[in-house]
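Both counts, for ligands and for their atoms, begin at 1 and track the order of listing.
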Amino acid sequence: MSILIKGGTLVTDTLTTDGDILCDGDKIIAIGPDLEAPSGASIIDASGQFVMPGGIDPHTHMQLPFMGTVAIDDFYSGTAAGLAGGTTSIIDFVIPEAGTSLLEAYHRWRGWAEKSAADYSFHVAVTWWDDSVHEDMGTLVRDHGVNSFKHFMAYKGVMMATDEILVASFERCIELGAIPTVHAENGDLIYHLQKKLLAMGITGPEGHPLSRPPEVEAEAANRAIRIAEALGSPIYVVHVSTKEALDAITRARGNGQRVFGECLPGHLIFDDSVYLNTDWEQAAGHVMSPPFRPKDNQRALWKGLQSGHLQTTATDHCAFCNDQKAMGKDDFTLIPNGTAGIEERMSLMWNEGVRTGRLTMNEFVAVTSANAARIFNIYPRKGCLAVGSDADIVVWDPEGSKTISASTQHSKIDFNIFEGMTLNGIPSHTLSRGRIFYKDGELSAEEGYGKYIDRPPYASYYDALQKIAGSRELKPVIRD
Ligand code: URQ
Ligand code: ZN
Ligand code: ZN
């Protein structure tokens, strides 16, 4: 089936130009002015609208078993909600329990994801270490298209990676041509502060940010970046929430180190006053890690996106309903950590970023799609409008608007932390691999349509070194 998107303005991370796009099957097959519609093609009138690569969300947790419950959106409802918001691909996380096989966990998550309505891929978390983990990482890169491994420096006793694990795993990533990613918060410090606050009788959601002050992220971000520097590994820091962590990233990038940073719309919009809400549900609904921060951090994060020291925006979509949040009614450390946002991310970034003049449209495409594709090595198959790219396209109506409400959202969560926000700039059409699944407010997602995205490894460190050494053999100098 072919689709002709006619009369729009094409916007990628590098250019803006008028033109038509012709899709056939999964792919874009032609781009240019005044393209002819093949017979039987359906035509989308994109006049007055922007035609952009579909959004890529590099950080989601569909149906994640976590803190004694399971995130409410499964791979179908979560990716379907994404399509309604202009997001056409996700990179989710395989999180093996410590002591269990990474490969088995990978196959378990692959099974869960088969119902996805849009394309998906996986980062795999390294939550413990022994020779089998070392081997499984090799198998995952070689045979299963995994090129990124996640390390939680928080969640002590659950999935926290100690420095010993970070060092061993980062080294393995270098060997394999994979990129380590980190959730940068000092889990030992958090554990200590949580106990201290509870002992002081602070049991409500207001205890959450107090147990995870900015220093907790700053210390861990700096530590992970320095470990990567010492070993010579690139590193990607997820959900950067503080200016201190951004400073660590900025310093390292200024030094030429391959450090990447991700931020979430929530950390760009909310501040820590949300936890002081006397309505328990309202406050607990915002409990995620790292928490929303004192106001001045938002300005720093926007500057991070504008300066290019932060490259991607994600949602960390990990949705828990009010009754799940209530598990922590008497103890904030038991409130399942996580918030939703996959349907709202693109419109939030357009409304708060482009319409305010903080971001150009090209930067919008970069931070919502292209940069994630480049960093995770799936560009230009994804994140790009080019002949041969997957026909993952969002037709964006800058004049359209929507008011966010739990009553109209597609996610299964029973509240929305962005409730009542009116966002200008919305998708009018979302195409996933050449099929229209969202059209003028109507979602027609299809369970199981999504395909697994294989992500090839980067040239391994040793390949890079050999390239530098050229014909000279890489061996130690023998000195008498
Ligand atoms: O830390 C994460 O990224 C997962 C466990 C989701 N929850 C959260 O609060 N961010
Ligand atoms: Zn995290
Ligand atoms: Zn996460």
Side-chain angles (χ1 to χ4, degrees), residues 57-73 75 78 82 90-98 105 109 120-127 148-161 166 180-187 190-191 194 205 207-209 211-212 216-217 220-221 224 235-242 245 260-268 270 272 274-275 283-293 312-321 324-325 327-328 332-342 345 372 376 411 413 417:
D57 188 342
H59 191 151
T60 64
H61 300 281
M62 304 311 177
Q63 56 191 99
L64 173 69
F66 187 49
M67 297 183 74
T69 184
V70 177
I72 197 70
D73 269 321
F75 278 91
I90 63 167
I91 310 182
D92 202 279
F93 294 82
V94 171
I95 310 184
E97 273 169 52
W109 256 263
Y120 56 93
S121 193
F122 289 113
H123 312 281
V124 174
V126 176
T127 55
S148 53
F149 291 93
K150 173 76 179 282
H151 307 80
F152 291 93
M153 300 169 78
Y155 306 123
K156 183 181 174 67
V158 180
M159 49 195 179
M160 186 169 106
L166 295 180
T181 78
V182 290
H183 170 133
E185 285 185 299
N186 182 315
I190 293 166
Y191 183 73
Q194 286 177 333
H208 183 66
S211 67
R212 310 173 99 101
V216 160
E217 181 181 79
I235 186 170
Y236 178 97
V237 184
V238 304
H239 48 44
V240 174
S241 69
T242 60
F260 304 102
E262 168 197 279
C263 69
L264 313 183
H267 288 113
L268 292 164
F270 296 117
D272 54 358
V274 294
Y275 300 110
H286 291 80
V287 168
M288 68 153 301
S289 296
F292 301 123
R293 298 297 188 184
T312 65
T313 59
T315 62
D316 196 2
H317 186 91
C318 191
F320 297 107
C321 292
Q324 294 172 296
K325 291 284 185 179
M327 294 163 67
F332 70 88
T333 68
L334 302 179
I335 299 173
N337 288 191
T339 54
I342 194 166
R345 176 184 67 126
F376 294 112
S411 162
I413 194 172
I417 57 174

To the nearest 0.5 Å, tell me how far Ile90 CD1 sits from Tyr120 OH.
-> 9.0 Å
In terms of atom number and element, which parts of ligand 1 are under 4.0 angstrom from non-hydrogen atoms of Phe66?
-> 5 (C)
Does a side-chain heavy-atom distance below 4.5 Å link Phe66 with Ile95?
-> no
With a 4.0 Å heavy-atom cut-off (strictly under), which part of Asp316 contacts ligand 1: side chain, backbone, both or neither?
-> side chain
Side-chain donor-acceptor pair under 3.5 Å between Gln194 and Thr333, yes or no?
-> no
Does one side chain, of Arg293 or Ser241, offer a donor that lies under 3.5 Å from an acceptor on the other?
-> yes
Could you list the atoms of ligand 1 found under 4.0 angstrom from a heavy atom of His239?
-> 1 (O), 3 (O)
Short side-chain donor-acceptor distance under 3.5 Å, Asp73 and His317 = yes
Return yes if some donor-acceptor pair links the side-chain N/O of Lys325 with the main-chain N/O of Val287 below 3.5 Å, else return no.
-> yes
Does ligand 1 have an atom under 4.0 Å from some heavy atom of Tyr155?
-> yes
State the atoms of ligand 1, each with its element, that fall below the 4.0 Å cut-off from a heavy-atom position in Met288.
-> 9 (O), 10 (N)
Would you mind running through ligand 1 and noting each atom that sits below 4.0 Å from a heavy atom of His61?
-> 2 (C), 3 (O), 4 (C), 6 (C)
Sequence neighbours left out, what passes salt bridge (Lys or Arg N to Asp or Glu O under 4.0 Å) with Arg212? Give chain and number order.
-> Glu185
For the Zn ion (ligand 3), the closest N/O/S atom belonging to His61 = NE2
Taking the inter-plane angle between the rings of Tyr236 and Phe260 on a 0 to 90° scale, is it parallel (under 30°), tilted (30 to 60°) or perpendicular (over 60°)?
-> tilted
Which residue supplies the protein heavy atom nearest to atom 7 (N) of ligand 1, what is that atom called, and how far is it?
-> Asn337 O, 3.0 Å
For the Zn ion (ligand 2), check which protein N, O or S atoms are under 2.8 Å away and list them.
-> His183 ND1, His239 NE2
His59 heavy atoms, cut-off 4.0 Å: which ligand 1 atoms fall inside?
-> 3 (O)
Could you tell me the separation between the NE2 atom of His208 and the OH atom of Tyr275, rounded to the nearest 0.5 Å?
-> 5.0 Å
Do the ring centers of Phe149 and His123 come within less than 6.0 Å of each other?
-> no
Could an N or O of ligand 1 be found under 3.5 Å from any N or O of Ser289, whether backbone or side chain?
-> yes
Looking at side-chain heavy atoms only, is the closest gap between Cys318 and Met288 below 4.5 Å?
-> no
